[in-house]
Amino acid sequence: MSKFYITTAIIYTNGPPHSGFAFELIQADVLARYRRLLGDDTFFLTGTDEHGSTVVKAAEKAGVEPQIFVDKIAKQVQELIRILNISNDDFIRTSDQKRHWPTAMKIWQLIEQNGDLSKKKYKGLYCVGHESFIKKTDLVNGVCPLHQTEPEEIEEENYFFKLSKYKKEIKRKIESDELKIVPETRKTEILNLIEDAEDVSFSRSRSVLKWGIPVPNDPEQTQYVWTDALTNYLSALGYADNDARFKKYWPADVHLIGKDILRFHALYFPAMLMSTGLELPKAIYVHGFITIEGQKMSKTVGNVIDPLELIKKYGTDVVRYFLLREIPSGEDGDFSYKKLEERYNGDLANGLGNLTQRVVTLIDTKLNGELIYKYSLVEKEVKKKTEYIFKEYIKNIDNFALHEALGRVWELIGYGDKYMDEKAPWKAIKHDEAEFLKIMNNALYILYNVAWMLVPFLPETADNIFNAMGADRDVKSLDDYKFKVQKTAGLFPRLQ
RNA sequence: GUCGGUGUAGCUCAGUGGUAGAGCACUUCCCUCAUAAAGAAGUUGUCGCAGGUUCGAUCCCUGCCACCGACACCA
């Protein structure tokens, strides 16, 4: 048994969580549930990134203190996690002074002791709208193109981190897949920009940024987001206390992130870890963005989809299914109600739900609901097909192609439907009961495998199928097991 | 500007140096265990454009066009 530590990015708490983060949570959840199924000692972390001036601004707008504001958002995030049926083992918040801050402080100190932080005067053009420095080359006619304002020239003294010192080694590790970046295009992307990466500012003056973690032994400075936020992956495991949990689970096996924060996870964070002498994560999985009806999700356009509403309307597993199947892992994908309903009727109702129902009904009506399963009755062809699909399913999950893995499950469902039609058990029952039993044995075999493969993706649905079949998930051997089917109204009633 | 990606059926996408594929949609047939579900057969393509290499290119090379992304200490 091996360990498996997986994280999502921590979501920024300047507003309610959006469906993009929901998608990230769901993907990580599939990977975590899958690993548990394989028997790995799995630890699945998510959380919230709660500092920074954007949060302060949002809190001001809401007329509350930052802490009150982020408490509320963190609660919403946790509610979303509950509703999405996410199996995270922990939830870390960067404003947690007990659990998180000691790690951020310790990491800072270690980096500093290693000589990788130095104070530098920084003169630059500061855009008030951006709340950050912008480059001269970004200006259009002397004004910030985004805010149409002239930037002020200000001088600030900050700590800078010697990223350059670690570039070569990081490049080597990424090239050799020691630090694996999936998909390949993201790996290429980061390798292309690694040469030009400059040293990074790691702090802000306290007068500019109060809402954050202080720099140790320097009351004038606040830690900037890198040591503040990225260290959550360490703090949650109890790094500062040298917790047994940390020893057991670090390094992370997978950091699941969006494509927008690849740079920070593939460059800054590894460099920080190298500076502190910690092991690097094994892999970074990068997912894309969800567009809505082909358009970028944006609050101004007003096309933001609230995941809670979606779930309220269709149900958790329907939303999980749609996102996992329709949006390729590692790429962008599009959401639309039309596509969702097509997937629902085509795949869930006509496919999975209907196959389950026809198998259950036959056993219910022809056998009084009971069938004693005999493994020896499973046909060679059926076994071969199922095992082949299972292998492909595994391969795809391991390659972070969750949509493909799900596609394989539906291939087996299609095979099951075809099997039923070809064997026509409703005819067999009239003249050959042994043949009927054999067919239903095979049908149960297929459905049982389908249910197992769905466990990581659609946990509730998988349970429903097990229940409908009257199957015991924990039974060691199915041979001679007595299935007692429970006929219900059906898993996914068709939408009109 | 630099780097990278994409362009294949009505839609979403797979794919290979040798007669173009899947799912959805559509048409016809068939079944009746099942959620007006399932199964079978079928229709649809200048594989972005123009050149080149090759016996042969959708695939390799060059150029072009279109769209997208990264190169910004926004998180």
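Order of the sequence lines fixes the chain letters, A, B, ..., with proteins taken first and strands second; residue numbering starts at 1 for each chain.
- The side-chain contact (heavy atoms from CB on, under 4.5 Å) test applied to Gln78(A) returns Phe91(A), not counting sequence neighbours.
- In this structure, of C73(B), A34(B), A70(B), it is C73(B) that holds the atom nearest to the side chain of Phe160(A).
- Between U43(B) and U28(B), the two C1' atoms lie 11 Å apart (nearest whole Å).
- Among the protein residues, Phe492(A) comes within range of the nucleic acid bases, having at least one heavy atom under 4.0 Å from a base atom.
- If you take CD of Glu189(A) and C1' of U2(B), they are 13 Å apart, rounded to a whole angstrom.
- Aromatic ring orientation, Phe202(A) versus Trp108(A): tilted (interplanar angle from 30° to 60°).
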Dump the pairs, protein N or O against N or O of nucleotides 36-39 of chain B, anything under 3.5 Å, distances to one decimal.
unit_1, atom_1, unit_2, atom_2, d
A37(B), OP1, Arg494(A), NE, 3.4
A37(B), OP1, Arg494(A), NH2, 3.3
A37(B), O2', Asn350(A), O, 3.4
A37(B), O2', Asn354(A), ND2, 2.8
A38(B), O2', Arg358(A), NH1, 3.0
A38(B), O2', Asp421(A), OD2, 2.5
A38(B), N3, Asp421(A), OD1, 3.4
G39(B), O4', Asp421(A), OD2, 2.8

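- Contact annotation for Phe264(A): base contact, defined as any heavy-atom pair under 4.0 Å involving a base atom.
- Atom P of A14(B) sits at a distance of 9 Å from the matching atom of U6(B), rounded to the whole Å.
- Straight-line distance between the P atoms of C47(B) and A57(B): roughly 12 Å, to the nearest whole Å.
- Nearer to the 5' terminus of RNA chain B, by closest-nucleotide assignment, is the contact made by Leu355(A) (compared with the other of Leu355(A) and Asp260(A)).
- Residue Ile429(A) is classed as having no contact, given no heavy-atom separation below 4.0 Å to the nucleic acid.
- Listed by chain and number, the residues in a salt bridge (Lys or Arg N to Asp or Glu O under 4.0 Å) with Glu392(A) are Lys395(A), Arg408(A) (sequence neighbours excluded).
- Leu377(A) is linked by a side-chain contact (heavy atoms from CB on, under 4.5 Å) to Lys374(A), Lys438(A), Asn441(A), counting only residues two or more places apart in sequence or in another chain.
- For Tyr233(A), the side chain to side chain donor-acceptor pair (under 3.5 Å) partners are His265(A), not counting sequence neighbours.
- Taking atom CD1 of Ile290(A) as the reference point, atom P of C68(B) lies 20 Å away to the nearest angstrom.
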Nucleotide N/O of nucleotides 10-16 of chain B paired with protein N/O under 3.5 Å:
none

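- For RNA chain B, none of the residues of residues 226-236 of chain A falls under the heavy-atom distance limit of 4.0 Å.
- For the side-chain contact (heavy atoms from CB on, under 4.5 Å) test, residues two or more places apart in sequence or in another chain that qualify with Leu191(A) are Lys171(A), Ile174(A), Glu175(A), Lys187(A).
- Between Lys385(A) and Glu411(A) there is a salt bridge, with a side-chain nitrogen of the basic residue lying less than 4.0 Å from a carboxylate oxygen of the acidic one.
- When the P atom of G23(B) is taken as reference, atom OH of Tyr344(A) falls 23 Å away, rounded to whole Å.
- C67(B) and C61(B) are spaced 23 Å apart, taking the C1' atom of each and rounding to whole Å.
- Contact check on Arg206(A) versus Glu220(A) returns no salt bridge, with no Lys/Arg side-chain nitrogen under 4.0 Å from an Asp/Glu carboxylate oxygen.
- Salt-bridge check for Glu379(A) with Lys423(A): passed, with a basic side-chain N closer than 4.0 Å to an acidic carboxylate O.
- To the nearest 0.5 Å, the span separating CG on Leu323(A) from CG on Leu310(A) amounts to 7.5 Å.
- If you take CG of Asn192(A) and P of A72(B), they are 13 Å apart, rounded to a whole angstrom.
- Thr361(A) comes within contact range of the sugar-phosphate backbone alone, with a heavy-atom separation under 4.0 Å but no base atom that close.
- If you check every strand for non-hydrogen atoms under 4.0 Å, Pro425(A) touches nothing.
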Exercise. State the dot-bracket string of RNA chain B. Criteria: Watson-Crick or G-U wobble, both atom distances under 3.5 angstrom; notation: ( ) intrastrand, [ ] crossing earlier pairs, | interstrand, . unpaired.
Key: (((((((..((((....[..)))).((((.........)))).....(((((..]....))))))))))))....
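- With respect to Glu189(A) and Arg186(A), a salt bridge is recorded, a charged nitrogen being found less than 4.0 Å from a carboxylate O.
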List, with names and distances, any nitrogen or oxygen atoms from the protein found under 3.5 Å away from nitrogen or oxygen atoms belonging to nucleotides 5-9 of chain B.
none

Practice problem: Any chance you could lay out the ring pair (Phe, Tyr, Trp, His ring centres under 6.0 Å) test for Phe400(A) and Tyr285(A), step after step, and finish with the verdict? | Solution: CA-CA 7 Å; Phe400(A) 189 47; Tyr285(A) 286 4; 4.7 Å; yes
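- Salt bridge Lys259(A)/Asp332(A): present, at least one basic N to carboxylate O contact under 4.0 Å.
- Taking the charged nitrogens against the carboxylate oxygens, Lys119(A) and Asp218(A) do have a contact shorter than 4.0 Å, which makes a salt bridge.
- Nucleic acid contact for Asp196(A): none, since no nucleic acid atom lies under 4.0 Å from a heavy atom of the residue.
- Among pairs with a residue in residues 424-435 of chain A, none fulfils side-chain hydrogen bond (donor to acceptor under 3.5 Å, both in side chains), at least two apart in sequence or across chains.
- Atom CD of Glu198(A) is separated from atom P of C71(B) by 13 Å (rounded to the nearest Å).
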Quiz item: Please walk me through it: do Tyr321(A) and Trp410(A) pass ring pair (Phe, Tyr, Trp, His ring centres under 6.0 Å)?
Solution: CA-CA 12 Å; Tyr321(A) 178 73; Trp410(A) 258 260; 4.6 Å; yes
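- With respect to Arg358(A) and Asp417(A), a salt bridge is recorded, a charged nitrogen being found less than 4.0 Å from a carboxylate O.
- The base of C71(B) is not paired with the side chain of Arg263(A) by any donor and acceptor separated by under 3.5 Å.
- Under the salt bridge (Lys or Arg N to Asp or Glu O under 4.0 Å) criterion, Arg343(A) pairs with Glu326(A), Asp347(A), not counting sequence neighbours.
- Taking atom P on both C59(B) and U44(B), the two are 23 Å apart, rounded to the nearest angstrom.
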